[in-house]
Amino acid sequence: MRFFSSIDRSLRSLRAKFAPLIYRGNAFFCPACNKNASRFKPAGKGKKARENAVCPFCRARERDRLVILFLKKNPNLFPPNPPHLLHVAPEPSISAYLKNASGNGYLSADIYRDDVMEKMDITHIQKPDNHFGAIFCSHVLQDIPDDNIALRELYRVLAPGGWAILNVPFYKGTKTTTLEAIHKTGRPPEFFRDYGDDYVDQLQTIGFEVQEIPPAQLRDPNMKADPAIDHPMTGYIHFCRKPST
């Protein structure tokens with residue numbers, strides 16, 4: 001298995017080396033790495049197959065590019081003295097941006113991974129109330145059997161007036177659907193649900209003030225290259241605030 005893993009890493013390194021030649025062009029633009037490409041890499045299989053899904057340079061997916069566009073359009077979220085920011089299950093294509101924006105206040109966390117700053121179970125966060133000024137948690141809640149427990153914990157550790165981006169697999173015009181969880185060797189089952197319009201109600205019931213922002217709202221009409229954020233699996237931005245009082 002180690003032999004095949006080594007071959008896979010070598011092939012990835014080789015593809016990355018030649019990506020500027022293979023994908024040279026200006027049809028698409030990745031806001032995460034600020035590079036243009038003739039196309040993006042496909043992803044998924046069967047009904048979930050998607051064309052132009054993954055940036056060949058930084059591997060940012062549709063939902064990653066959507067978030068970066070939102071953050072770039074809202075630089076006020078990171079004032080000169082940025083808030084302490086919790087980044088749950090950090091995405092490589094987003095973590096660099098958040099680290100740079102939040103400076104020493106950045107904390108990456110995950111329950112399983114070893115490449116994070118702190119191991120954390122977001123259903124039982126070992127931090128005091130009102131600890132973080134900002135939270136970024138994208139496509140994590142669907143893997144938690146009782147997502148309300150996690151949402152209450154995220155709300156608890158968020159400071160009054162603080163903000164959270166709590167994105168999920170979201171399908172406008174539907175209701176949240178329970179799925180048969182996927183079982184992976186050595187790990188608990190995951191992917192318990194796809195979210196629908198009632199996700200906003202769920203967030204508001206926890207106490208959050210919520211803005212639901214569709215991909216179309218983040219498109220720059222003057223942008224000639226396509227950021228490829230229009231696939232149904234991209235989801236929406238769910239931007240939340242904890243009331244100041």
Side-chain angles (χ1 to χ4, degrees), residues 8-9 11-79 82 85 87-103 106 108 134 136-140 163-173 194-195 211-239:
D8 183 60
R9 286 195 297 270
L11 288 173
R12 286 190 178 188
S13 177
L14 192 63
R15 286 195 296 266
K17 182 178 180 180
F18 287 100
L21 293 175
I22 297 171
Y23 295 94
R24 183 171 57 188
N26 296 303
F28 293 89
F29 172 71
C30 177
C33 63
N34 294 312
K35 291 182 179 180
N36 289 86
S38 58
R39 65 190 187 281
F40 288 152
K41 298 173 68 174
K45 297 179 181 179
K47 293 181 179 179
K48 293 189 176 182
R50 329 189 295 280
E51 294 297 321
N52 297 309
V54 181
C55 172
F57 304 109
C58 70
R59 301 187 64 82
R61 295 162 293 184
E62 302 99 324
R63 64 179 186 252
D64 303 330
R65 297 192 294 273
L66 180 74
V67 166
I68 292 295
L69 286 173
F70 174 78
L71 293 173
K72 286 183 175 182
K73 284 180 175 288
N74 293 276
N76 58 308
L77 296 177
F78 299 97
L85 185 144
H87 187 180
V88 181
E91 303 86 345
S93 58
I94 296 175
S95 59
Y97 187 95
L98 293 178
K99 281 181 185 177
N100 183 62
S102 55
Y106 178 84
S108 63
F136 183 84
C137 178
S138 177
H139 288 244
V140 173
W163 58 266
I165 295 175
L166 304 176
N167 293 348
V168 293
F170 177 79
Y171 299 89
K172 190 67 176 174
D194 283 331
Y195 292 84
Q211 286 181 266
E212 186 178 87
I213 303 162
Q217 193 171 320
L218 295 173
R219 273 186 166 279
D220 184 347
N222 298 315
M223 185 182 291
K224 295 181 180 179
D226 185 3
I229 56 172
D230 296 322
H231 194 278
M233 290 184 67
T234 303
Y236 282 36
I237 295 290
H238 284 95
F239 181 78

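Separating the CG atom in D194 from the CE atom in M233 is a distance of 8.0 Å, to the nearest 0.5 Å. Atom CZ of F170 sits about 11.5 Å away from atom OH of Y195, to the nearest 0.5 Å. H238 NE2 to N167 CG: the interatomic distance, rounded to the nearest 0.5 Å, is 7.5 Å. In this structure, the separation between CD1 on I68 and CG on L218 is 12.0 Å, given to the nearest 0.5 Å. Between N74 atom CG and I213 atom CD1 the span is 7.0 Å, to the nearest 0.5 Å. The distance from atom CD1 of I229 to atom CD1 of I237, rounded to the nearest 0.5 Å, is 9.0 Å.
With respect to K73 and D220, no salt bridge is recorded, no charged nitrogen being found less than 4.0 Å from a carboxylate O. With respect to the salt-bridge test (charged N to carboxylate O, under 4.0 angstrom), the residues R61 and E91 do not qualify. Ion pairing between D226 and R219 holds under the 4.0 Å rule for side-chain N and carboxylate O.
The backbone N or O of A53 sits nowhere less than 3.5 Å from a side-chain atom of K41 that would complete a donor-acceptor pair. The main-chain N or O of A228 is found under 3.5 Å from a side-chain atom of R65 such that the two form a donor-acceptor pair. Of the possible polar contacts, none joining the R59 side chain to the V54 backbone as a donor-acceptor pair under 3.5 Å is found.
F78 and L98 make their closest contact through CZ-CD2, 3.8 Å (heavy atoms, listed as atom of the first residue, atom of the second, distance). Here the shortest heavy-atom pairing between P90 and Y106 reads CB-OH, 3.9 Å. The nearest pair of heavy atoms linking G235 to P215 is O-CG, 3.4 Å. Nearest approach of R63 to T234, heavy atoms of both residues: CB-O, 3.6 Å. Nearest heavy atoms, A225 versus F29: CB-CB, 3.5 Å. Shortest non-hydrogen contact noted between L69 and M223 is CD2-CE, 4.5 Å.
Using a 4.5 Å heavy-atom threshold, the side chains of S108 and S95 count as separate. Proximity of F70 to P31: side-chain heavy atoms (C-beta onward) are nowhere separated by under 4.5 Å. Under the 4.5 Å side-chain criterion, counting only non-hydrogen atoms from C-beta, C30 is in contact with C58. Residues P42 and R50 fail the side-chain proximity criterion, which asks for heavy atoms closer than 4.5 Å. Between V140 and V168, every side-chain heavy-atom pair lies at or beyond the 4.5 Å cut-off. Within the 4.5 Å cutoff, the side chain of F28 has no heavy atoms near those of the P227 side chain. The shortest distance between side-chain heavy atoms of H87 and I94 falls below 4.5 Å.
In this structure, W163 has its ring center no closer than 6.0 Å to that of F136.
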Does E212 form a salt bridge (charged side-chain N to carboxylate O under 4.0 Å, His left out) with K172? I'd like the steps, not just the answer. CA-CA 10 Å; E212 186 178 87; K172 190 67 176 174; 2.7 Å; yes

